[in-house]
Amino acid sequence: MLASYLTLAAILFCVGLYGVLAKRNTVVVLLSIELMLNAANVNLVAFSKYGVVPSLSGHMFALFSIAVGAAEAAVGIAILIMLYRARGTVNVDDYDELRG
Amino acid sequence: MDTIFTQLGWLVPLFPLAAFLILTAMGRGNRTLAAWIGTLASLGSFALSVLIWTERLGSDALDYSDGFRWLSAGPLQLTLGFEITNLTSLMLLVVTAVSVLVNLYSAGYMKDDERATVFFGYVALFAFSMLGLVLADNLLGLYVFWELVGVCSFLLVGFWYTKPSARAAAKKAFIVTRIGDAGLLLGIILLYWQMPSHTLDFASIQNVFQGQGGAIEAGMTTLIALLIFVGAAGKSGQFPLHVWLPDAMEGPTPISALIHAATMVAAGVFLIARTFDIFEASQAAMDTVAYIGGFTAIFAATIAVAQQDMKRILAYSTVSQLGYMMMALGLGSLTGGIFHLVTHAFFKALLFLGAGSVIHAVHTQDIRQMGGIWRRMRVTSVTFGIGALALSGIPPFSGFWSKDAILHTAFQEKPLLFALGLAAAFLTAFYMSRLFFSVFTGKARGNLGHVKESPWTMTLPLAVLTVPAVLSGLIETPWNNTLGHWLSGGTETTHTGGGLVMVASAAVGVLGIYIGWLAYAKGTINRETITARVPGLVRLLGEGYYVDRLYNAVFVQGVRGIGRVFAIIDDHIVGGAVRLVGGAALLLGRGGTRLHNGQVQTYGLITLFGLLVLLVSIAGRGWW
Amino acid sequence: MLEELPILSLITFSPLLGLLVLLFLPKQRSRWLKITAIAATFIPLALSLWLYADYSSRSPEDAAAYGESVTWVDVALNKETVGDVASYSFKLAYQMDIDGVSLPLMLLTTIVAAMAALASVHIKKRWKAFYFWFLLLEVGMLGVFMARDLFLFFIFFELTLVPMFFLIGIWGFFGREKAASRFLIYNGLGSAIMLVAFLLLTVTAGFHQVETGSGEGVRLEYSGSYEVLQESFSNPDSYINQGAPESGGDTAMTTAQNPFYLSEAMRWTIFLLLLIAFGIKLPIAPFHTWMLRVHAEAPPSIVMIHSGVLLKMGAYGLMRFGLFLFPAQAGEAAVAIAVLGAVNVLYGAILAMVQKDLKLVLAYSSISHMGIVLLGLASLNEIGLEGAVVQMVSHGLISALLFLIVGSLQERTDTTELAQLGGLARSMPFMSGVLLAAGMASLGLPGLSGFIGEFLSLLGLFDTQPVIVAVAVLGVVLAAVYVLRAVLAITYGPMPEKFAALRDARLVEAVPMIVLLAMIVLVGIYPSILTDPMAHGFDALIHMLPGGEAS
């Protein structure tokens, strides 16, 4: 049972990772980060239910993580909007201020 | 005998030193005053030298030396001092006498030059250095002054410094003699370590080498002697280092008389005489000196025959006569070498000053544009003629006796050198008569309307110099070995009898003059047809056997070429290596920058890649 | 009264006094700034002249009395104590001293610095900053020659780098930035290597036992003190010398038992590190490219200091730390050092012959002359070593004088290209005369200082390496060639029209010229003035060299 949850989480994480590394649209990148976050949440809940020592703390931690994720998404989107206003684009290729 | 003046010997060079300092402080000040300061200072030295000399006339006078500690470094303890021996007192006399006359002469000759004060300053510095050289009591002290006279020669050759030819001649004079000096320096260093007591003073050298008890091995002795000879050859213009001397005639003529005829160029001969014990300890070194001297004598004499410049003829003649002196020393005749040095100093100074008088009047040095000067410059002509006769070795003039002393030794020791010497004597007489008849007799070939006799300051030295030019030979004749006894402390008895040699030597002299007279005064021998028949030979001699060109092509261009190659190496290989290291660092940085493209996604990808590598390596550890 | 004062520190830090005054002056008042700075350089000059006279008059035993030592850093180390060992500590001291090697170089520094300060009147901008760095540079140079602690030495050594960097980079000519950065990078590299060598020295030879009162137990200490190092290396019973593999069973411990034993390989490593570190500064070819640019681009008054003093720091360091701490290694490497020296002499001389710019001629001639210092060092006997020091002092004076003239020349003619100059003896007889005299000194004319250094170095080396000396003597001939070529191209020959109106030296230029020339002549005609005080210091050092007991 645990294995299928973990497999689901792994697939979700990989899809998210692919999105973060490959997508050009910043909004999609942000969404992909959420996917990775949720993959972690799935793991937390799965271990909490089917793990070696089942307890509720995993569920609690998942809820906490979702709350933090929501806050993070809010801040992320706010930054994105500011970036869009400043640069007039949401294409990540154009955000190269870190270039050496 | 009282030796009060001998003890004051250190004062002799101080007169001109003081004059030098005063004249330097004067800048380009009063020119007449400068001439008087120079003349008086040299007169002071001369007076003291005469007094010292009279004290030493008795052959029993002991050598006297004194000095102060000069340079000490660990075991090395050197003094700077003076030593008065019979040889040095004689040299003092010659140097100061010529110096007085040249100073007086220059007062007239340099009257119109705006830098005359500087000129007299340089001359005074030269006199100081030369006297220091003569008086030095050790080899290093001698070397110090040896170099100083070289610098004075350089300064005076380049006195008219705006002329590029004077600049080149000065540079050449310094560098060529410097090559010899490097050898001398090496010889001194070698001698220092070889001497059992690690000293360099002449007294110790004499002790060590006279007592040749195997203190220094034979090969080393030869090496030391040859290195010293290299120095002497540079200074005294011996082949193959003779090339600077003819060019040095770019200097004012009184300088040619003082430095490049009478005193400095004889310093090489003096050096060998001073270290004669080292040479006597090595037969190989003696032979080298003798053969190089003999070769130089004939070599330079042949070149002198084909020169057209009055001063260059005399310069090559000087080289030739210096060769004679070297030959005498190499044959073991210290007396012969020094005797010829003394007589030559007087008659060659006379000849140069006479030439200067002529040049001063006609403003050219080319003998083809002179002629008939006899009618306008009587004093100069007569005195020059006497000098020429002395140089040509006509009895009873001084040159005859000294040349005879040398030829006589050669006749006994090495017949080949005797033949060379005799041939050189013939050529000497020939080129001197050529010079004399071309310049003073016949018709004027240039515009000589303005020519008149020089002022008394110039003619008086000429007149005075004729006296020793005629008489100084009498101090050493086959019937009277005064000089030899005096110099060697009574041990050396050369120059006895030998009527055959005397006749031969006088005969070739007369023959040379006769042929010269036929060709250049009477015109019986048509020289155009002769020179036209051997144009190659004339050019060969005129160019001095192309030695200058050869040196230029091989050494000057060679060193320059090496320099260029080194410059390329320095720029591209050494500098290139530095640039390569710098470039490598830069390239590495550029590579890093390329990765740093500002794309967070790229960074993430690389991070992921790194994580995978890490994981694989940790996981894969099990299989290794 | 002067005896009680810490005279060495006073000399070293006295330029700071002027620096302090300088800071309170407004930066536009160039005249006052210059006067203050020049005055500030004369304080150490006066003090060091007094010290020189005082030192010369003392007996060798008495001469050690100048030393100063104050504990600076003393850290107790948290190491396990074994047996009767009570404590470990790491100690750095502010230790200053002089001896026969330091003294002439210190005097040289103060003279050249004062003359360079006078020559700096040609500086056209930012006088306050210029003299600020200038005086700081002087502190560093003086400290280097007197420091007797490795780290103090290192600090002073670095203290010369930073001011030089700014002095070249701000007040230099066209390519100044590049020259400055190359100078800093090269010398920084040398310093890094030197630091590694110093650290190695501290943790090996610097480890020693401190004398303590009875009953307190043994105190062991890591120290950077030169005295300690010298003692460790020369004393056969010291930690690092005990238990050498080849020393047989005579000493109590073997290598296995004595972890402190400094192996032969390690000694060679440190020696070679020092050779490279100071070789860059000296400079030994092929590490010389940085100094060419400095010579060409730095303001001439700074080159006076650079060529006159800074290059000597390399030779001084090599002598003090390389030769005297590692006499055995130096003995074995003597041939190599002599060969390097001969290469320097000839390489520099040949390249000096083909340069088109006077400054580069002088730069390469510096390489050639520093080669003679190397030759003197390689002799490892008293004659050669004294010759090396004399050569350092002499070259310092001569190159300072030459660059002083270069500065005045460039100010008037705007060029140092040989091809564009000529006949200047006509319009500037005094300066041309001094230039000729300086050139003569540079080519080793007897009666001037250059000859003494050259002669002693060659004489000393000849005892062991006659062939190398014979080769190096060629450099004497080549020196005549390149010096005369350059000097005559400037002063002799026809004069271009535009130079007809040039002024001869002003008083402020003539004074330093005359002073430097007088020093050169003085050393040349009475060298004992330099070699006598030097002998004091050498007697103590020379016995450590292989075969040094003989004298």
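The figures that follow rest on heavy atoms only: side chains count, while hydrogens, waters and symmetry mates do not. Proteins come first, then strands; the chains are lettered A, B, ... in the order of their sequence lines, and each starts at number 1.
- When heavy atoms are compared at a cutoff of 4.5 Å, C:Leu474 does not approach chain B at all.
- Side-chain atoms of B:Trp193 come within 3.5 Å of backbone N or O of C:Leu459 as a donor-acceptor pair.
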Requested in this report: Could you walk me through whether B:Phe566 and C:Val354 pass side-chain contact (heavy atoms from CB on, under 4.5 Å), step by step?
Outcome: CA-CA 9 Å; B:Phe566 269 45; C:Val354 293; over 6 Å; no
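- A distance of 10.5 Å separates CG of C:Leu351 from CD1 of B:Ile568, quoted to the nearest 0.5 Å.
- Contact of C:Leu488 with chain B is made through backbone and side chain together, with heavy-atom distances under 4.5 Å.
- For the pair C:Tyr526 and B:Leu80, the minimum side-chain heavy-atom distance is 4.5 Å or more.
- For B:Trp160, the CH2 atom sits in a packed shell: over 12 heavy atoms of surrounding residues, nucleotides or ligands are nearer than 6.0 Å.
- Both the backbone and the side chain of B:Leu190 come within less than 4.5 Å of a heavy atom of chain C.
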**Report entry** Verdict with supporting geometry, B:Trp70 and C:Thr531, side-chain contact (heavy atoms from CB on, under 4.5 Å)
**Finding:** CA-CA 10 Å; B:Trp70 180 58; C:Thr531 54; over 6 Å; no
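- What you find for B:Arg167 and C:Gly493 is that their closest heavy atoms are NH1-CA, 3.8 Å.
- Only the side chain of C:Thr289 comes within less than 4.5 Å of a heavy atom of chain B; its backbone N, CA, C and O stay farther away.
- For chain B, no part of C:Phe430 is nearby; none of its heavy atoms comes within less than 4.5 Å.
- Between C:Val481 and B:Arg178 there is no side-chain heavy-atom pair separated by less than 4.5 Å.
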Report task. Under the ring pair (Phe, Tyr, Trp, His ring centres under 6.0 Å) rule, what do B:Tyr143 and C:Phe451 come out as? Steps first, then yes or no, please. Result -> CA-CA 11 Å; B:Tyr143 181 79; C:Phe451 171 70; 5.6 Å; yes
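- Considering only heavy-atom pairs separated by less than 4.5 Å from chain B, the leading option among C:Val477, C:Leu484, C:Ile525 is C:Leu484.
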**Report entry** B:Leu186/C:Val469 under side-chain contact (heavy atoms from CB on, under 4.5 Å): CA gap, chis, key distance, verdict
**Finding:** CA-CA 8 Å; B:Leu186 214 52; C:Val469 172; 4.0 Å; yes
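- Put simply, the side chain of B:Val574 does not reach to within 4.5 Å of the side chain of C:Phe287, judged on heavy atoms.
- Heavy atoms of B:Val144 lying under 4.5 Å from chain C belong to its backbone as well as its side chain.
- Taking all atoms of both residues into account, the shortest heavy-atom contact from B:Lys171 to C:Arg485 is NZ-CA, 3.9 Å.
- Contact of the B:Thr162 side chain with the C:Tyr492 side chain is not registered, since no non-hydrogen atoms from C-beta on lie closer than 4.5 Å.
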Query raised in the report: Do C:Trp290 and B:Val578 pass the side-chain contact (heavy atoms from CB on, under 4.5 Å) test, and can you show the C-alpha distance, the side-chain angles, and the key distance before you say yes or no?
Result: CA-CA 9 Å; C:Trp290 63 274; B:Val578 175; over 6 Å; no
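- Interface residue B:Leu185: only side-chain heavy atoms are found under 4.5 Å from chain C.
- Ranking C:Ile452, C:Leu443, C:Ile529, C:Leu292 against chain B, the residue ahead of the rest is C:Leu443, based on heavy-atom pairs under 4.5 Å.
- Only the side chain of C:Tyr364 comes within less than 4.5 Å of a heavy atom in chain B; its backbone stays farther off.
- Using a 4.5 Å heavy-atom cutoff, the side chains of B:Leu148 and C:Pro446 are not in contact.
- Interface remark: of the candidates C:Leu445, C:Asp463, C:Val476, C:Asp463 forms the most heavy-atom pairs closer than 4.5 Å to chain B.
- If you take CE on C:Met353 and CD1 on B:Ile562, they are separated by 7.5 Å, rounding to the nearest 0.5 Å.
- Ranked by non-hydrogen atom pairs under 4.5 Å with chain B, the options C:Val473, C:Leu478, C:Thr491 are led by C:Val473.
- Both the backbone and the side chain of C:Pro494 come within contact range of chain B, each with at least one heavy atom under 4.5 Å from a heavy atom of that chain.
- Judged purely by atom type and a 3.5 angstrom limit, B:Tyr161 uses its side chain to pair as donor or acceptor with the backbone of C:Arg426.
- Contact annotation for C:Met495: neither backbone nor side-chain heavy atoms come within less than 4.5 Å of a heavy atom of chain B.
- Using a 4.5 Å cut-off between heavy atoms, B:Arg69 touches chain C through backbone and side chain atoms alike.
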